[in-house]
Number of protein chains: 2
Amino acid sequence: MTSTRKSNAGTPRPRRRTTTGRTRRSVVASAEPQRPDRRKDILLSAEALFAERGYAAVSVRDIAARAGVPVALVGYYFGRKQELFDTVFEHRRAYIAERIERIRAVDCSPTNHNAVEELVRAWAEPVIRLRASDSGEAFSLLVARTAWDPGPEATGIIERFYDPLALAFVDAMAEALPGCPRARILWGYEYALGSLLMYVADKRVERLSGGELASADPALCDDFVRFVGAGFRAFCSA
Amino acid sequence: MTSTRKSNAGTPRPRRRTTTGRTRRSVVASAEPQRPDRRKDILLSAEALFAERGYAAVSVRDIAARAGVPVALVGYYFGRKQELFDTVFEHRRAYIAERIERIRAVDCSPTNHNAVEELVRAWAEPVIRLRASDSGEAFSLLVARTAWDPGPEATGIIERFYDPLALAFVDAMAEALPGCPRARILWGYEYALGSLLMYVADKRVERLSGGELASADPALCDDFVRFVGAGFRAFCSA
DNA sequence: TGGCCTATTGTACGATCGTACAAAAAAGCA
DNA sequence: TGCTTTTTTGTACGATCGTACAATAGGCCA
């Protein structure tokens, strides 16, 4: 895997273009052959492959081959492999921001008796819908894969992009469950996250059910909210 | 990573010794230098490294180096890398059998009103205790790492060694929660498993709590059982 | 002592990895 | 048209990968 540990350290970073160069030929009548945006091709190819196999198990050559471009073009646009990985998450930054906003929008005052379930739904539903969409399926899988990945590239991503989300959830839940020790809520978040990642990334129910059940059915969102919500309530009323 | 996809296919398998050769010199007074059991060294080294980084991110040379042994000796005792991986799980087969037995020992008849929690405990407690022990910490981490690993070597292990455990749990829970659709129990198992793996393998609470909370504290087992048990009850009483 | 089997070692092969680099092609602009 | 800049390409380097193999060392019994 080469992972990242020692090889090729200290070499100069390559030049790269962060935007897609000059103005795209913006003729009004745009029914032309439409020169392909190969930078986007590479980005989507990387997203899909990282989601399938995880960071270390994907080679730059795999990414280039799937995008239908020569290897060197990957380095030209994105520099090193790790920078490409980071860029994939930068590119989906809006998805993360949306989840934080939805969490912050929940009324967690003592008057709201459904605050716990509303919070779990605000946190989980965007991911579950994303998983069921065409354009977001790969990224939602990638998030699970990255959360589970023990490598330094993956944990760095989680720390930078998802720790703020976790803390926003924990803060809100602490408000919704006053008197409950923060340590418990923190562990509750970990359990809930483990469940959500299984919901989104699991490929096992299909096998265990003998092919009867499908993976990541978005209709199960209500059930999921009930499961995790009940856990938090029981967890914090001891 | 080289993962496993195509390289070196069809090559003849090497000879190997499955047992540690001739009789260990069984002198009664065994205070001698004690010739080291290098096969066991390799096995434990592999277990620890696979648990830390996952199958693909560990090289045979890493394993040999940690065991203090030349590379070729790994192949001599265990053959290919994948066979070594399998052997690590074979070596811990008793741990898996113990969990199944504990699940089967739970009284799931309608007269037992604590069946759900007893079942969750029977299923989770052995892992949580193993995680806290010196001799089992690495393997309990390895199980989580393997359950999360999308590679074919890992999914093969889960299928062979852990699908029977999952089905035993689901069957027992179906008996404890009569009238609850099996599909829900199956998904509940996935959520519970996701939570347990987080409990056992998580390294994030320490960071999120600012260093106040420790990872995988076995004292939290009761809390875990309450969390997951409540989920199953709420999940199946809709 | 010599023969036999096991254990151990160093080394080498082919493949794949991430990355760099120079040269060619294409596009934009005067 | 020429000139500059961006995009594209083929290729090569050094490192690391899994694995094989011949040679050596060591224990045990006749």
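A, B, ... follow the sequence lines: proteins, then strands. Residue 1 opens every chain. Side-chain atoms are counted along with the backbone in the values below, which use heavy atoms only and exclude waters and symmetry mates.
For the pair B:Leu49 CG and D:dG18 P, the interatomic distance rounds to 12 Å; values are reported in whole Å. Rounded to whole angstrom, the span from the CD atom of A:Gln82 across to the C1' atom of C:dT19 amounts to 14 Å. Separating the CG atom of B:Leu84 from the C1' atom of D:dC17 is a distance of 15 Å, rounded to the nearest angstrom. The separation between B:Lys81 atom NZ and D:dT16 atom P is 15 Å, rounded to whole Å. One can place CZ of B:Arg38 at 13 Å from P of D:dG27, the figure rounded to the nearest angstrom. The interatomic distance linking B:Phe85 (CZ) with D:dG18 (C1') rounds to 16 Å, in whole Å. Straight-line distance from the CG atom of B:Asp62 to the P atom of D:dA15: 17 Å, rounded to whole Å. Rounded to an integer number of Å, the gap from CD1 of A:Ile63 to C1' of C:dC17 is 12 Å.
Within 3.5 Å, a donor on the side chain of B:Arg61 pairs with an acceptor on the base of D:dG18, or the reverse.
Applying the side chain to side chain donor-acceptor pair (under 3.5 Å) test to residues at least two apart or on different chains, the pairs with a partner in residues 88-99 of chain B are B:Glu47-B:Arg92, B:Glu90-B:Arg93.
Considering only the side chain of A:Ala72, D:dG10 comes nearest among D:dT19, C:dT9, D:dG10. Which of D:dT8, C:dT19, C:dT11 sits closest to the side chain of A:Val71 comes down to C:dT19.
When atom types are taken as modelled, the side chain of B:Ser209 and the backbone of B:Val205 share a donor-acceptor pair closer than 3.5 angstrom. Using modelled atom types, no side-chain atom of A:Arg145 and backbone atom of A:Gly54 make a donor-acceptor pair closer than 3.5 Å.
Remark: B:Arg160 CZ is packed, more than 12 non-hydrogen atoms of other residues, nucleotides or ligands lying under 6.0 Å away.
Every residue meeting the ring pair (Phe, Tyr, Trp, His ring centres under 6.0 Å) condition with B:Trp123, not counting sequence neighbours, appears here in chain and number order: B:Phe169, B:Tyr189.
Using a 4.0 Å cut-off, no side-chain N or O of B:Tyr76 falls inside it from OP1 or OP2 of D:dA20. Phosphate contact (OP1/OP2 of D:dT16, side-chain N/O of B:Ser59, threshold under 4.0 Å): absent. For the pair A:Arg39 and D:dT7, the criterion of a side-chain N or O lying under 4.0 Å from OP1 or OP2 is not met.
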